There are 2 protein chains.
Amino acid sequence: MSDKPSPSARVSLDDVALRAGVSTATVSRVLNGSASVRPSRREAVERACEELGYVINRAARTLASRRSMTIGAVVPTLATETFSRPLAAFQQQIHQSGYTMLLASSDFDPDTELKEVNKLVEYGIDALMLVGNSHHPRLWERIAQQNIPCIQTFSVDARYPSVGYDNELAAGELTAHLLALGHKVFAVIVGTPPSNDRVSDRITGTRQALAAAGLTLDEANLINSAFTMNEAREAMFRLLDGPNPPTAVICGNDLLAFGAMRAASERYLRIPNDISITGFNDYEYAEHLEHPLTTMRVELDRIGEVAADYLLATLNGETAPVQTLLKPELIVRGSTGSAPRAAKG
Amino acid sequence: MSDKPSPSARVSLDDVALRAGVSTATVSRVLNGSASVRPSRREAVERACEELGYVINRAARTLASRRSMTIGAVVPTLATETFSRPLAAFQQQIHQSGYTMLLASSDFDPDTELKEVNKLVEYGIDALMLVGNSHHPRLWERIAQQNIPCIQTFSVDARYPSVGYDNELAAGELTAHLLALGHKVFAVIVGTPPSNDRVSDRITGTRQALAAAGLTLDEANLINSAFTMNEAREAMFRLLDGPNPPTAVICGNDLLAFGAMRAASERYLRIPNDISITGFNDYEYAEHLEHPLTTMRVELDRIGEVAADYLLATLNGETAPVQTLLKPELIVRGSTGSAPRAAKG
DNA sequence: GTGAAAGCGCTAACAA
DNA sequence: TTGTTAGCGCTTTCAC
């Protein structure tokens, strides 16, 4: 009585129809949960699928139906929590609606991003998630042309659907906190190519806050090539050895801040007595570091969820908030304190 | 002279053929880099593609060619470096060969994993990457049936292609290190369902090493539900308040170890004088913690690379090493030290 | 409620 | 080197 399919023969919908004694149209209806199929036939089809070990061919379905049930996501890199966390949330969310994620990385490069988006479009993605708001000039053109719902994350952008926070504002808040503590000499450690809008917004925010206080950010104190903790640590050494050693250091994320703190400690600087350091994101470990980190708490998971919700709603023809502004929260901890009194003189 | 395609009309290969004045077969040849096309025609086709803004339809290509140029990956979760790091490396590697990654998460559940694999198969993945070696009974059956090259990661497994390390051995080494320091009362903090072979192998490794020293692991000292740093911290409190407070605590990864250390510190235990704690993975920050962490260094990126290389080689009909055993390295730092002398009497 | 039949957009023999 | 043609496996009118 064994009905095992021969291993070499790929069973198709036709085989199922044949076995169930119905037409391919009916099989298709059952597969797609169409209401109008007589229960007895439905059962017959389901049994045939089971017995034959039928696996639907999505390429064929996509071709015929013009929907891939696939959503694309392009992030700068998977190698940091900053993106992998929201992506995890995003994926879980779209998954609940039956979508599968096609994932690509841009490596922080707009050209690569465009290429990846093009490829995803070739695969027929039904919707797309992007990070940031500064892309290749032709990227939005292509997306509009294909008529694919798309949302930007991490930055807000009045021109397009987006979910994120106001990086300028967040950096301003952080800077204000440090200014209130009496700091006058600032430094910034980030890891980013110039194309990164989130980071450049933050730098702008810091610069504006400084300007409002009659201060400026020394160019020599702006380090924008630190991606890892060790790179931040080394950057900090350079800062301390530089022409204008800061008393307040604003870092792009908590890991970089950790690296900066390590360097300071290795130079026997006391935190926060001699130097104040801030992070960004409020990773789980931030509060547990030797010097609990002052940082901006952002809801990483929420970004992914909101992005998914927007896309899913749009795909369903529902309306969803096009702009979602998340509000980062300043968390003041022990890594920041009053500026040291001028040492000598 | 504007040749902008009308936004509504999807341009197909036929349109390109028409415009270039060749057959669809020739367009297909150009698209696929077939050598035998006269340069003049090739150029004509390329120009037509450009002018029409042609985007290939991969669903159609997949259907016709029976190759999707897609590789599937299923990981327990994206939300931890442990998997997102190797995945990043994997993705980069397959990408260089023109493949796109279809990503799914199992959430540590074999049933979910099977479902996800089935879905990926529906999408026609050409190859598959899995984590671990304990899956749903029908998973390998399905893969074999579909004849899809597949590799397991993080664990080695003689039955199937795999790349990973010997978790039992690694845990044994760690345990031996602690035994040599005179520890007698051990605890283990991991976050994992029972299905997780990597972790259960490690527990086995620890148990065996203990047994060899005439010791056992108190069941009350085995905590297997700590995924986050804070959960590890709380687990540690329970351990310290438990019937058999350990002097040596083996944690599933560096983040958990960090949490455990925090709890110990909050109870005014000195590390490593009063208690020794170990991690796993050697994350970048491990050496910079207040108490630099003794841990096993594993090449997370390498796992992804090797997996990708194996799959790509297999897809090309080349042979590649079917088993790759990576060797974790014991890194001894300040979080472990001699067992405290028995306190009271 | 069901089936027949016409594609979806591409590749791959096969012929020329 | 090139074109013709027959599918790939599904969905989806449109009749019935």
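Predicted model, so just to flag it, every value in this text is computed and none were measured. Chain naming here is simple, since letters A, B, ... match the order of the sequence lines and numbering starts at 1 in each. All values below were derived from every heavy atom in this structure, side-chain atoms included, with hydrogens, water molecules and symmetry-related copies excluded.
Contact annotation: A:Arg10 does not reach the phosphate of D:dG9 (side-chain N/O to OP1 or OP2, under 4.0 Å). Side-chain nitrogen and oxygen atoms of B:Ser23 include none within less than 4.0 Å of the OP1 or OP2 phosphate oxygen of D:dT4. Here A:Ser28 reaches the OP1 or OP2 of D:dT11: one of its side-chain N or O atoms lies under 4.0 Å away.
Only A:Leu63, A:Ala64, A:Arg66, listed by number, bring a heavy atom of residues 61-70 of chain A to less than 4.0 angstrom from any atom of DNA chain C.
Residue B:Ser12 is in sugar-phosphate contact alone, with no base atom involved, counting any heavy-atom pair closer than 4.0 Å across all strands shown.
Partners of A:Glu299 by salt bridge (Lys or Arg N to Asp or Glu O under 4.0 Å), not counting sequence neighbours: none found. Contacts of A:Asp157 classified as salt bridge (Lys or Arg N to Asp or Glu O under 4.0 Å), with partners at least two apart in sequence or in another chain: A:Arg159. Scanning for salt bridge (Lys or Arg N to Asp or Glu O under 4.0 Å) contacts around B:Arg58 gives A:Glu122, with sequence neighbours left out. Every salt bridge (Lys or Arg N to Asp or Glu O under 4.0 Å) that A:Asp301 has, sequence neighbours left out, goes to A:Arg85.
With D:dG3, D:dG9, D:dT12 as the candidates, the nucleotide lying closest to the side chain of A:Ala25 is D:dT12. Taking only side-chain atoms of A:Ser36, from C-beta outward, the nucleotide of C:dG1, D:dG3, D:dG9 with the closest atom is C:dG1. Nearest to the side chain of B:Val37, among C:dT2, D:dT11, D:dT2, sits D:dT2.
Between its opening and closing five pairs, the helix from C:dG1-D:dC16 to C:dA16-D:dT1 changes axis direction by 30°, a value rounded to 10 degrees.
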